[in-house]
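Only this structure's heavy atoms are used, side chains among them; waters, hydrogens and symmetry mates stay out.
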Amino acid sequence: MNTTPQPDPKDRPARLTVGVVGAGRVGPALAASLQLAGHRPVAVSGVSDASRRRAAALLPDVPLVAPAEVLQRAELVLLTVPDDALPGLVTGLAETGAVRPGQLLVHTSGRYGARVLDPALRAGALPLALHPAMTFTGTPVDVQRLAGCSFGVTAPEELRLAAEALVIEMGGEPEWVAEERRPLYHAALALGANHLVTLVAQSMELLRTAGVEAPDRMLSPLLGAALDNALRSGDAALTGPVARGDAGTVAAHIEELRAHAPQAVAGYVAMARATADRALDHGLLKAELAEDLLGVLADGTGSGATGGPHGRTGGPAPTGGGDGGGTTGTDRTDRTDGTDGTTGTEGTTGTDGTTGTDGIDGTEGDAR
């Protein structure tokens with residue numbers, strides 16, 4: 001956690017004017033954090049009612065203007081739009097002459113590094129990729145959560161120190177990610193944060209079906225301990241019927257899911273296969289127990305297949321139809337403004353999508 005004392009902004013003049021293109025969940029929070037560090041937000045773009053409310057809550061008295069005017073007013077511009085919208089936005093801003101030489105242009109996409117800003121670089125801008133590995137709510141609590149938050153940082157080598165300094169000023173911890181590793185980095189965050197939400201939501205639904213009145217209260221200490229153990233010990237923290245090789249218990253689980261939640265079968269089987277592979281690799285699952293277990297998992301989706309990456313567990317589970325049911329999950333980039341697509345993290349973070357006539361609103365959030 002960053003423990004560097006931050007000077008009171010009233011004791012020094014603002015150093016950079018800050019603009020935000022895309023008033024989703026991430027942009028206003030980052031601008032508010034930069035304001036606490038002594039910078040001065042001067043403009044924000046956003047067309048939806050939700051965007052306007054966020055801007056008013058986090059950046060009061062900062063005017064809402066068109067994206068091109070944001071760039072005209074600001075020395076440091078945060079491009080906090082969905083991943084798929086970012087390349088077109090950068091190209092459009094560069095081609096219309098909105099980008100000014102010497103202007104710091106920062107995007108918060110986890111997927112992209114600095115190269116997506118090449119059109120702006122050719123126009124003289126200074127490109128930075130700063131991705132906060134946290135889920136955002138679009139409320140003032142996000143500013144507090146940035147304390148100690150890791151940021152995936154990618155920038156030209158000559159701008160590395162400047163990029164890391166901005167992260168530290170926001171209370172974050174810079175983590176350098178090479179340009180070519182950004183998609184893998186982002187996939188790792190999505191796998192952990194986005195899929196965690198899906199798993200927890202499914203677990204709560206099943207507990208309610210089983211008659212548990214407060215599934216959140218039941219799961220909270222269990223999942224908290226499991227997460228802590230996993231972060232501390234990795235695969236050594238694996239427990240449960242799959243790691244033990246209890247094929248009969250796993251078969252009973254699949255039978256109950258078929259009867260009460262068929263849409264959860266494919267996800268259960270896929271995660272059980274992955275767990276079995278990891279438990280075998282780390283000596284937690286005994287080889288003599290693995291055969292029956294893997295047979296149950298093969299029968300669970302009707303695949304009858306074995307022989308995956310280690311010659312054991314087969315390929316991905318089917319995603320719909322028949323007894324296997326469909327997979328479920330959350331869309332990381334829910335394109336409806338105000339709807340949290342993940343909880344990421346681009347963290348992850350969820351995404352308030354592109355809405356309005358200018359097609360620019362929202363932000364790639366989570367670790368997201």
side-chain hydrogen bond (donor to acceptor under 3.5 Å, both in side chains) partners for Tyr112, two or more places apart: none

Any donor-acceptor pair under 3.5 Å linking the side chain of Arg182 with the backbone of Ser109? yes

Closest non-hydrogen atoms of Glu173 and Gly148, given as atom of the first, atom of the second and distance, are CG-O, 4.0 Å

May I ask you to decide if Gly138's main-chain N or O and Arg54's side chain share a donor-acceptor pair within less than 3.5 Å? no

Separation between NE2 (His39) and OG (Ser33), nearest 0.5 Å, reads 9.5 Å

Using every non-hydrogen atom in the two residues, find where Arg52 and Val47 come nearest and quote the distance to one decimal. NE-O, 3.6 Å

Same cluster or not: are Leu166 and Leu161 linked, directly or through other Ile, Leu, Val, Met, Phe, Trp or Tyr residues, by side-chain heavy atoms under 4.5 angstrom apart? no

Whether over 12 other heavy atoms sit under 6.0 Å from Leu227 CG: yes

Would you check if the side chain of Thr275 reaches a backbone N or O of Met271 as a donor-acceptor pair within less than 3.5 Å? yes

Does Asp235 have any salt bridge (charged side-chain N to carboxylate O under 4.0 Å, His left out) partners at least two apart in sequence or in another chain, and if so, which? Arg278

Could you check whether any side-chain heavy atom of Arg145 comes within less than 4.5 Å of a side-chain heavy atom of Thr137, counting everything from C-beta outward? yes

Separation of Leu280 CG from Lys286 NZ (nearest 0.5 Å): 12.5 Å

Give the minimum heavy-atom separation between Pro41 and Val62, together with the two atoms involved. O-CG2, 3.8 Å

Is any side-chain heavy atom of Pro215 less than 4.5 Å from a side-chain heavy atom of Ser203? no

Look at the side-chain heavy atoms of Ile, Leu, Val, Met, Phe, Trp and Tyr, link any pair under 4.5 Å apart, and say whether Leu222 and Met218 land in one connected group. yes

Leu126, Leu121: one ILVMFWY side-chain cluster at the under-4.5 Å cut-off? no

Could you state whether Val269 and Leu206 fall into the same hydrophobic cluster, counting links through intermediate Ile, Leu, Val, Met, Phe, Trp or Tyr residues with side-chain heavy atoms under 4.5 angstrom apart? yes

Can you sort out the partners of Arg160 under salt bridge (charged side-chain N to carboxylate O under 4.0 Å, His left out), two or more places apart, ordered by chain and number? Glu164

Pairing residues for Thr239 by the side-chain hydrogen bond (donor to acceptor under 3.5 Å, both in side chains) criterion, not counting sequence neighbours: none

Kindly compute the distance separating CG (Leu78) from CG (Leu128), expressed to the nearest 0.5 Å. 10.0 Å

Listed once per pair and sorted, the side-chain hydrogen bond (donor to acceptor under 3.5 Å, both in side chains) pairs that draw on residues 210-224, sequence neighbours left out: none

Between Thr108 and Thr80, is there a donor-acceptor pair closer than 3.5 Å when you use the side chain of the first and the backbone of the second? no

Between Thr91 and Pro87, is there a donor-acceptor pair closer than 3.5 Å when you use the side chain of the first and the backbone of the second? yes

Salt bridge (charged side-chain N to carboxylate O under 4.0 Å, His left out) involving Arg244 - partner list, sequence neighbours excluded: Asp246

Please answer: with hydrophobic residues joined when any side-chain heavy atoms are less than 4.5 Å apart, are Leu289 and Leu294 in the same cluster? yes

If you apply the rule side-chain contact (heavy atoms from CB on, under 4.5 Å), what do you find for Val18 with Gln35, and how did you get there? CA-CA 8 Å; Val18 179; Gln35 186 173 34; over 6 Å; no

Please report the interatomic distance CZ(Arg53) to OG(Ser48), rounded to the nearest 0.5 Å. 7.5 Å

Can you tell me how far apart CG (Leu189) and CG (Leu184) are? Round to the nearest 0.5 Å. 10.0 Å

Please report the shortest heavy-atom distance between Gly110 and Tyr185, naming the atom on each side. O-CD2, 3.7 Å

After noting the C-alpha distance and the side-chain angles of Leu34 and Leu16, does the key distance pass the side-chain contact (heavy atoms from CB on, under 4.5 Å) rule? CA-CA 9 Å; Leu34 287 168; Leu16 291 172; over 6 Å; no

Just how far is it from atom CH2 of Trp176 to atom CD of Glu157, taken to the nearest 0.5 Å? 5.5 Å

Who else is in the cluster with Leu284 when I, L, V, M, F, W and Y are joined by side-chain contacts under 4.5 Å? Leu238

List the atom pairs, with distances to 0.1 Å, where a side-chain N or O of residues 92-106 and a protein N or O form a donor-acceptor pair under 3.5 Å, not counting sequence neighbours.
from	atom 1	to	atom 2	distance (Å)
Thr96	OG1	Gly92	O	2.9
Thr96	OG1	Leu93	O	3.2
Arg100	NE	Leu71	O	3.2
Arg100	NH2	Leu71	O	3.1
Arg100	NH2	Ala74	O	2.6
Gln103	OE1	Arg100	N	3.2
Gln103	NE2	Leu71	O	2.6
Gln103	NE2	Ala74	O	2.7

Dump the intermediate steps for side-chain contact (heavy atoms from CB on, under 4.5 Å) on His107 and Val90, then the final yes or no. CA-CA 10 Å; His107 79 71; Val90 175; over 6 Å; no

Could you tell me which residues satisfy side-chain contact (heavy atoms from CB on, under 4.5 Å) with Glu255, sequence neighbours excluded, listed by chain and number? none

Looking at residues at least two apart in the chain, or sitting in another chain, which of them share a ring-ring contact (aromatic ring centres under 6.0 Å, His included) with Phe151? none

How close do Pro127 and Ala155 get, heavy atom to heavy atom, and via which atoms? O-CB, 4.0 Å

Other residues, nucleotides and ligands only: do more than 12 of their heavy atoms fall within 6.0 Å of CD on Glu179? yes

I'd like to know if the side chain of Thr154 reaches the main chain of Ala114, judged simply by a donor and an acceptor atom lying under 3.5 Å from each other, with no hydrogens or angles considered. no

Can you tell which of Leu36, Leu30, Val143 makes a side chain to side chain contact (heavy atoms under 4.5 Å, CB included) with Met170? Leu30

Do Val250 and Val242 touch side chain to side chain, with heavy atoms closer than 4.5 Å? yes

Applied to residues 60-77, the side-chain hydrogen bond (donor to acceptor under 3.5 Å, both in side chains) test, sequence neighbours excluded, yields Thr17-Glu75, Glu69-Arg73

Step by step, would you call Leu58 with Asp142 a side-chain contact (heavy atoms from CB on, under 4.5 Å)? CA-CA 10 Å; Leu58 288 163; Asp142 294 333; 5.5 Å; no

Sequence neighbours excluded, the answer for salt bridge (charged side-chain N to carboxylate O under 4.0 Å, His left out) partners of Asp228 is Arg232

Looking only at heavy atoms, the pair that brings Ala32 and Leu59 closest together is N-CD2, 3.7 Å

